[in-house]
2 protein chains.
Amino acid sequence: MNEQEHDIPEIVIIRLPLYVRTLNELKLLNQTTVSSQHLGNLLQTTPAQIRKDFSHFGKFGKQGRGYNIDYLLDELRKILNLNQKWNTCVIGIGNLGQAVINYQGFKNEGYLIKAAFDISLPSRLDNKDIVIKTISDMKNTIKELNIKIGIVTVPAPDAQGVIDRLVESGIKAILNYTPMKPVLPKNIACINIDPVLSLQSMSYYLDK
Amino acid sequence: MNEQEHDIPEIVIIRLPLYVRTLNELKLLNQTTVSSQHLGNLLQTTPAQIRKDFSHFGKFGKQGRGYNIDYLLDELRKILNLNQKWNTCVIGIGNLGQAVINYQGFKNEGYLIKAAFDISLPSRLDNKDIVIKTISDMKNTIKELNIKIGIVTVPAPDAQGVIDRLVESGIKAILNYTPMKPVLPKNIACINIDPVLSLQSMSYYLDK
DNA sequence: ACGTGTGAATTATTTCACAGCT
DNA sequence: AGCTGTGAAATAATTCACACGT
């Protein structure tokens, strides 16, 4: 199988950003080349899995030599559509929403928070780069600013309503910080971040 | 296979808290009974998967009648060790750490933040229920307060060092908000929350 | 000699389908 | 009739192992 002929397993897609991150770190250390063995050591995974993952997309390595880091990074970034900025918005400007807005990690990786919405406008939230609007202005603003990704930080009971409006507004991906799994058309990507569920599953292993 | 004779797949453990959450919601709606079919509809999964998941732990249902919600909930909560409070601590009191400390969702589910640590003590952080200490006091405080879970919200370069100290201090589970995968002894549970990785993997599906 | 890319083998997970209880 | 619990079957994911290029 060569080049993406058919559906790549989602679990492979989820691992690609890990490879990108580690390759960036190697680059910072002035490495130019890496083997699947070495990358596997750094990522606590097997060389076979890394080679198999890459094989879904093409042949990026050289036998006997491993992978050229710059080349592999660029290929992976192209696959993941990381060679461009993505406009995002935050819905819900409470504690969590403000923490998300202030977090620099999104911007550093090319995810620009262009707008933030809430039911009513907060009095103080000084950020020149971000448009603050009410949820009733969502659809227009999202289209005008070419926003493709929504970050949902409203209270759980409001989430499905907000997400329905995001979908109507043309959003294509959702990062959902709400403790619920939204109902969505299947062409919309969504990842749920749910720290309580994480603690609860880890609790299984406690006192064992 | 009856009762947990051998290792339950982690993927099953990860789904159990979802069942607990949905059963709680049904209980709030005064339902007393539920079938795997109905639960599957609510959770957007298949009845077969739910029954198979439960079958790792015992027989909780009645043929022809489905599951008694109170009974099933209690069994699942016992399996997950949710019928007790767990003491936790936060390491790193920046934006994110403070958002975590202020979030009520942990407390509501029995995860009590008893202490917070940073390199130096912040001047203002008024919270009567939480002990604020420097990282040098970590080991003693964690042992004194019987803390079993650490929530890591320090900058990435500091994370491995902090996590090593948590392990030394006797912590058994880690919720890691840092964009790195820590090296850990395999008897320590760890879940990484990494919103940037999530956005990057969703970006694959954008512009498709 | 090193290390990729990949079919084949293995292992894990999901789904099927039905006997049997209520 | 309705619905669980579970072997068996089907599907998916990982790992093996090696031919072949550098």
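These numbers come from a predicted model, not from an experiment. Side chains are part of it too, since the values below use all heavy atoms of this structure and drop only hydrogens, waters and symmetry mates. Below, read A as the first sequence line, B as the second, and so on, with proteins coming before strands; counting in each chain starts at 1.
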Could you check whether any side-chain N or O of B/D118 sits under 3.5 Å from a backbone N or O of B/I93, counting only pairs where one atom can act as donor and the other as acceptor? yes
Please report, rounded to the nearest Å, how far the C1' atom of D/dA12 is from the CD1 atom of B/I11. 11 Å
Rounded to whole angstroms, how far apart are CZ on A/F60 and C1' on D/dG21? 18 Å
Should the pair A/E75-A/K78 be classified as a salt bridge under the 4.0 Å nitrogen-to-oxygen rule? yes
For D/dG2 and B/Y67 - does any side-chain N or O of the residue sit under 4.0 Å from the phosphate oxygens OP1/OP2? no
Under-3.5 Å donor-acceptor pair between B/R51 side chain and D/dG5 base: yes
Side chain of B/S35: nearest nucleotide among C/dT15, D/dT4, D/dT14? D/dT4
From CG of B/L72 over to C1' of D/dT4, roughly how many Å is that when rounded to an integer? 12 Å
Is A/S36 near enough to C/dG3 that one of its side-chain N or O atoms lies under 4.0 angstrom from OP1 or OP2? no
What is the distance, rounded to the nearest whole Å, between atom CZ of A/F54 and atom C1' of D/dT15? 17 Å
Below 4.5 Å, heavy atoms only, C-beta onward: do B/Y177 and B/V152 meet side chain to side chain? no
Is B/R15 reaching over with its side chain to a backbone N or O of B/Q49, donor-acceptor style, under 3.5 angstrom? no
Can you check whether B/K181 reaches A/L43 side chain to side chain, under 4.5 Å on heavy atoms? no
Is there a donor and acceptor pair closer than 3.5 Å between the side chain of B/Q63 and the base of C/dT22? no
Looking only at C/dG3, C/dT13, C/dT6, the nucleotide nearest the B/P9 side chain is C/dT13
Quick one: is B/K52 getting a side-chain N or O under 4.0 Å of the D/dT4 phosphate, OP1 or OP2? no
Nucleotide C/dA12, atom C1' - distance to CG of B/D7 in whole Å: 13 Å
Find the distance A/Q49:CD to D/dA12:C1' and express it as a whole number of Å. 13 Å
Length of the line joining B/R65:CZ and D/dC3:P, which is rounded to integer Å: 11 Å
Does C/dG5 have OP1 or OP2 under 4.0 Å away from a side-chain N or O of A/S55? no
What is the distance, rounded to the nearest whole Å, between atom CD of B/E10 and atom C1' of C/dT11? 16 Å
Which residue lies toward the 5' end of DNA chain D, A/T45 or A/K62, if each is placed at its nearest nucleotide? A/T45
